[in-house]
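Reading through the structure tokens given below for one structure.
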Amino acid sequence: MKVTKKMGVLVAASCMMLFAAACGNSASTSTAPTTNAAATTAPAPAAGKKITLGFAQVGAESGWRTANTKSVQDSAKEAGFDLKFSDAQQKQENQIKAIRTYIQQKVDVIAFSPVVESGWDTVLKEAKDAKIPVILTDRAVDSKDTSLYATFIGSDFVEEGKKAGKWLADKYKDAKEDVNIVELQGTTGSAPANDRKAGFAEEIKGNPHLKVIASQTGDFTRAKGKEVMQAFLKAHKDIKVLYAHNDDMALGAIQAIEAAGLKPGQDITIISVDAVKDGMTAASEGKINFIVECNPLLGPQLMQAVNDVVAGKSIEKRIVTKEGVFTSEDAKKVLADRQY
Ligand code: GZL
């Protein structure tokens, strides 16, 4: 039987999918779809040619990002892909430049974590015109035209904010006096910052004693988190709670709190998001009281999605990662087994 080029390519892609599936998916994730599947395909690479993936990463701003980068790089290697990787140092213009370079290089698939939600339509249209499918990982874009990307693989940040707010509302459900909260927001304009803020506010709004007296970006970094917390402590003498949108900012804030002679986790209750090793260590020491997990190990799911779009398979438009929550007691129990 004559094996056509297309059949040869499909066999190659299928073998890769079997290989990728055999590698297993180390991330504890669910792939619960939330919207209808939409077929988005790329012209398959020539028979026997490696799939080339262009990945534009946000930066290296936090422990979470470091773990996410490692997951993408290790999974691409396991899947046998040729990975082109760029670090945008948290600048949108650098990510747009990287995506344009990948288009010029005619990669098979482009994936990226948008540093902010807006301003992507033009470059995503350029990728679509070049018939290169785009996969969003970690963070979303606010483009109204959802045909501009094949799928968005990442957490539900509103849900993460709600988990944080619910724990606090439960803790202070019988409060008789005001509980002053300060908030360290993530990168201004980013999906996690917008959504974690919204989810948290939604859950605490039912208790008039829970008051956010100050809220400012710490840009997801330890240094900025410390700097802003120092300013909060100077301006407010009655802070009872810190809600930080990630562990790195919480850890920077803990340095400021201790320098002010206060006990983190006791004088000031601290809630954080991510559950990276350093955050979980602080939680196990009682310095962070509650951590909402945000899973960075998105590599295996991303590579499976790359295989699917190259093989012409239909793909769920939204793949939500599965995550837990940890009290200080929980953190003590699981710290040794944490992968990141
Ligand atoms: C969330 C991710 C955020 C992390 C931060 O998915 O985009 O960016 O919560 C990281 O630690 O900097």
Side-chain angles (χ1 to χ4, degrees), residues 27-29 55-72 87-92 94-95 111-118 120 135-142 151-164 183-200 217-226 228 243-254 270-283 288 290-299 301-302 318-326 338-340:
S28 58
T29 60
F55 190 90
Q57 180 60 291
V58 166
E61 73 282 1
S62 63
W64 190 97
R65 190 62 57 198
T66 304
N68 178 249
T69 289
K70 187 173 184 314
S71 177
V72 168
D87 170 339
Q89 288 153 0
Q90 295 217 116
K91 291 184 175 61
Q92 181 175 30
N94 291 346
Q95 280 193 303
F112 76 117
S113 166
V115 60
V116 292
E117 287 189 290
S118 308
W120 301 100
I135 293 173
L136 303 180
T137 79
D138 169 28
R139 299 182 184 178
V141 297
D142 61 7
T151 184
F152 164 39
I153 303 169
S155 307
D156 180 338
F157 302 130
V158 173
E159 191 52 36
E160 290 174 349
K162 285 186 170 185
K163 288 174 184 173
E183 181 179 25
L184 284 170
Q185 294 184 40
T187 301
T188 303
S190 69
N194 294 338
D195 294 351
R196 285 171 186 167
K197 181 170 175 34
F200 181 78
T217 184
D219 210 15
F220 282 132
T221 67
R222 217 170 280 208
K224 197 89 176 97
K226 179 178 180 181
V228 175
Y243 169 45
H245 289 186
N246 85 328
D247 291 345
D248 287 75
M249 294 189 293
L251 293 162
I254 284 169
I270 299 180
I271 305 166
S272 184
V273 186
D274 276 352
V276 294
K277 189 78 103 179
D278 289 351
M280 294 290 273
T281 302
I288 293 179
F290 189 71
I291 292 194
V292 177
E293 185 181 32
C294 178
N295 190 338
L297 305 183
L298 304 177
Q301 278 182 294
L302 170 58
R318 178 74 174 91
I319 300 171
V320 183
T321 44
K322 204 169 164 219
E323 305 158 333
V325 294
F326 303 92
R338 296 293 290 171
Q339 294 179 61
Y340 55 89

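Whatever order the structure lists ligands and atoms in, that order sets their numbers, starting from 1.
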Problem set entry | Element-labelled atoms of ligand 1 that are located less than 4.0 Å from some non-hydrogen atom of Ser62 | 5 (C), 10 (C), 11 (O), 12 (O)
For this session: Write down the atom of Ala140, the atom of Pro114, and the distance for their closest heavy-atom approach.
Result: O-CG, 3.8 Å
Exercise. Atom CG in Leu184, atom NZ in Lys226: separation rounded to 0.5 Å?
Worked result: 13.5 Å
For this session: State if Arg196 counts as touching ligand 1 under the rule of any non-hydrogen atom under 4.0 Å.
Result: yes
Exercise. Starting from atom 6 (O) of ligand 1, which protein heavy atom do you reach first, and at what distance in Å?
Worked result: Asp138 OD1, 2.3 Å
Exercise. Going by the order shown, which atoms of ligand 1 are within less than 4.0 Å of some heavy atom of Phe157?
Worked result: 1 (C), 6 (O)
Exercise. Looking only at protein heavy atoms, which one is nearest to atom 3 (C) of ligand 1, and how far off is it?
Worked result: Arg139 NH2, 3.7 Å
Exercise. Quick check: does Ser155 get an N/O under 3.5 Å from an N/O on ligand 1?
Worked result: no
For this session: Run the contact test for Gly154 against ligand 1 with a 4.0 Å cut-off on heavy atoms, strictly below, and give the result.
Result: no
Exercise. Taking the side chain as C-beta and beyond, is there a heavy-atom pair between Asp248 and Phe220 under 4.5 Å?
Worked result: no
Exercise. Side chain or backbone of Glu160 under 4.0 Å from ligand 1, or both, or neither, by non-hydrogen atoms?
Worked result: neither
For this session: Compute whether any side-chain donor of one residue and acceptor of the other, for His245 and Glu160, lie under 3.5 angstrom apart.
Result: no
Exercise. Between OG of Ser113 and CG of Leu302, what distance do you get to the nearest 0.5 Å?
Worked result: 11.0 Å
Exercise. Given side chains that start at C-beta, do those of Tyr340 and Leu297 come closer than 4.5 Å, heavy atoms only?
Worked result: yes
For this session: Would you check the N or O atoms of Trp64, main chain and side chain alike, for any that come under 3.5 Å of an N or O of ligand 1?
Result: no
For this session: Compute the minimum heavy-atom distance from Asp274 to ligand 1 and say whether it is under 4.0 Å.
Result: yes
For this session: Look up atom CD1 in Ile135 and atom CD1 in Ile153, then write down how far apart they are to the nearest 0.5 Å.
Result: 5.5 Å
Exercise. Taking C-beta and beyond as the side chain, do Tyr243 and Val273 meet within less than 4.5 Å on heavy atoms?
Worked result: yes
For this session: Give the atoms of ligand 1, by number and element, whose distance to some non-hydrogen atom of Cys294 is under 4.0 Å.
Result: 1 (C), 6 (O)
Exercise. Of all the atoms in ligand 1, which lie at a distance below 4.0 Å from a heavy atom belonging to Glu61?
Worked result: 8 (O), 10 (C), 12 (O)
